[in-house]
Each structure stands twice: as structure tokens, then as C-alpha cells.
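First comes the structure, then the notes that go with it.
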Amino acid sequence: MNAATGEWHLKRLIIRYSESAGSSLGTRFYLRHLLPIWKEKNPQVQVITEQSRMEHPELQATWASGEKFEISLRGLKAKQVEELMDLQRNSESPNLWLRHGGPRVWTERRSIQGLWQPSMEGMFRALKFARMPRWYGEGSRELKYSNTTVKLAEQHLLERRGRWGDQRTNPKGFDRHLLADLLNSPFLPDAAVPGGSE
């Protein structure tokens with residue numbers, strides 16, 4: 001609808017369906033039971049139904065600008081057919097720019113990287129683990145850490161030397177070491193508990 005003038009852009013809807021095709025089941029249900037209600041709510045749109053033998057159902061919308069757009073209703077339920085009709089009613093023209101260009105998209109400027117093609121060698125290398133009897137490695141099933149990872153973990157957790165220096169004097173953010181000490185010894189000694197048993 002044009003907000004300034006109050007005119008609707010959609011002028012005509014043509015619904016083609018088959019009386020015997022299975023793909024028209026939802027469309028036939030919509031035409032028999034729900035279309036009269038939609039026509040009453042939208043008298044500004046001319047709705048035409050056409051029967052075609054053994055063809056998939058389709059919806060053809062025509063706008064005031066003269067543009068036409070066809071949408072397949074194949075296998076849709078009655079509610080989906082109504083939602084498509086509402087979408088066309090609320091649109092001012094077909095949304096052709098939302099369609100993907102597909103293989104017709106091309107450019108005059110070549111890419112610096114060149115054309116991309118999946119190489120067979122690269123695909124075989126990527127799928128090499130699937131042909132291995134055990135892809136998790138030989139020996140034990142435990143996780144393996146590199147020497148650098150182990151050294152950084154010791155430096156961070158045991159020595160408390162982080163990225164910004166000594167973490168005991170200048171903790172950055174949440175000090176999880178205090179929480180770790182607390183969780184490692186959650187109970188206070190009996191002597192330190194006020195009113196505890198002696």
C-alpha cells in the first residue's frame with residue numbers, strides 16, 4: 001500500500017491449480033475453504049482461479065506498474081499459500097533484486113587471487129583422516145599437549161606469572177587463584193571457626 005495515497009499496488013492474482021495433482025492439495029484446500037474470506041478482506045485485488053491439468057500450482061501476481069511475477073505453490077499448505085498472497089499484497093513490486101544471480105553473475109575485473117577451483121589433491125588431503133584406521137593417533141587416547149602449552153599453563157597457574165607480570169601483586173580481572181585456593185580447602189580448621197566444637 002502506498003502510505004501517501006492509500007492505494008494498493010497489487011491489482012490481480014491468478015491462481016493456477018490442478019484438480020487431480022498431489023502437489024495442488026494445499027492450494028485446493030485453500031481455494032475451497034479460505035479464499036472467500038481473503039477476497040472479502042481484500043476487495044481491491046482481483047483474484048482469478050484457473051484450472052490446469054496435471055501441472056504444478058502457481059500464483060501469478062500483477063502490480064499497478066505492470067510488473068508480473070510467478071511463484072510456485074507446489075506442495076505448499078493452505079496457510080503458506082495465504083502467507084504468500086499476503087506478501088504479494090503488501091509488496092509494491094516483485095523483489096527481483098533479492099534473487100541470487102547464479103552463474104550469470106560476472107565481472108570485467110579479474111580477482112587478484114584468480115579463479116577458485118577445488119583441487120582433487122586438496123580434497124584428498126582434507127579427507128585423509130577418514131581413511132585412517134584410527135584418526136585420533138597412535139598409542140593412548142589421552143589428549144596431547146605441546147611443550148609450549150604445558151609451559152604456559154605452569155607459568156600461569158603455578159608460578160602466577162601472567163601476560164601482564166606478577167599476578168599475586170597485580171591481578172587482572174577476576175582473580176581465580178583466590179577462588180581456586182578457596183575451593184581446594186573449603187572447610188576452615190576447627191580452631192578458626194568461631195563457636196565451633198573444641
Side-chain angles (χ1 to χ4, degrees), residues 1-137 141 143 174:
M1 172 191 257
N2 188 337
T5 62
E7 293 181 25
W8 291 93
H9 295 284
L10 183 66
K11 294 299 178 190
R12 181 169 49 248
L13 285 173
I14 301 174
I15 303 173
R16 293 187 185 95
Y17 70 101
S18 172
E19 278 294 334
S20 55
S23 60
S24 296
L25 184 64
T27 307
R28 286 194 304 266
F29 182 87
Y30 181 78
L31 293 177
R32 291 186 182 122
H33 302 287
L34 302 173
L35 182 62
I37 301 168
W38 196 88
K39 280 183 175 180
E40 287 177 17
K41 291 181 182 176
N42 302 288
Q44 76 280 1
V45 180
Q46 178 187 6
V47 181
I48 302 170
T49 58
E50 294 179 358
Q51 185 178 351
S52 59
R53 284 190 182 190
M54 298 304 290
E55 289 185 11
H56 296 303
E58 65 179 16
L59 174 71
Q60 182 184 29
T62 307
W63 284 270
S65 62
E67 293 179 281
K68 293 181 180 180
F69 190 60
E70 291 183 0
I71 304 159
S72 174
L73 303 176
R74 179 182 180 184
L76 295 183
K77 297 178 183 175
K79 179 72 174 165
Q80 294 170 320
V81 173
E82 182 166 13
E83 287 173 355
L84 268 174
M85 290 175 67
D86 288 340
L87 176 67
Q88 303 310 315
R89 179 200 60 201
N90 296 336
S91 302
E92 78 174 271
S93 65
N95 296 325
L96 298 177
W97 58 86
L98 294 178
R99 283 180 154 187
H100 188 271
R104 294 170 293 173
V105 174
W106 62 281
T107 179
E108 293 179 357
R109 297 183 183 167
R110 295 193 59 195
S111 170
I112 295 171
Q113 300 163 344
L115 294 174
W116 179 84
Q117 283 183 325
S119 68
M120 294 300 282
E121 182 182 332
M123 291 191 318
F124 288 141
R125 204 177 318 119
L127 296 174
K128 181 180 178 183
F129 76 93
R131 294 190 311 271
M132 296 173 66
R134 289 186 298 201
W135 60 269
Y136 49 80
R141 295 184 180 201
L143 291 173
F174 178 70

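Just so it is clear, the values below take in all heavy atoms, side chains as well, and ignore hydrogens, waters and symmetry mates.
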Return the [atom1] to [atom2] distance between [X] and [Y], rounded to the nearest 0.5 Å.
X     : Y     : atom1 : atom2 : value
Leu10 : Ser65 : CG    : OG    : 10.0 Å
Gln46 : Leu13 : CD    : CG    : 9.5 Å
Leu31 : Ser24 : CG    : OG    : 9.0 Å
Thr49 : Ile14 : OG1   : CD1   : 10.5 Å
Phe69 : Ser91 : CZ    : OG    : 9.5 Å
Gln60 : Glu50 : CD    : CD    : 8.0 Å

What I'd like to find out is whether the side chain of [X] reaches to under 4.5 Å of the side chain of [Y], using heavy atoms alone.
X     : Y     : value
Ile71 : Gln88 : yes
Ile48 : Arg12 : yes
Pro57 : Ser72 : no
Leu76 : Thr27 : no
Arg28 : Tyr17 : yes
Val81 : Leu35 : no

Tyr30 to Met85 - nearest heavy-atom pair and separation: CE2-SD, 3.4 Å
The side-chain hydrogen bond (donor to acceptor under 3.5 Å, both in side chains) partner of Arg16 among Glu58, Glu55, Gln51, His56 is Glu58
Under 3.5 Å, is there a donor-acceptor pair between the side chain of Ser18 and the main chain of Met54? yes
Test of understanding: with side-chain contact (heavy atoms from CB on, under 4.5 Å), list the residues that count as partners of Asp86, not counting sequence neighbours. Trp38, Glu82, Arg89
More than 12 heavy atoms of other groups within 6.0 Å of Lys79 NZ: no
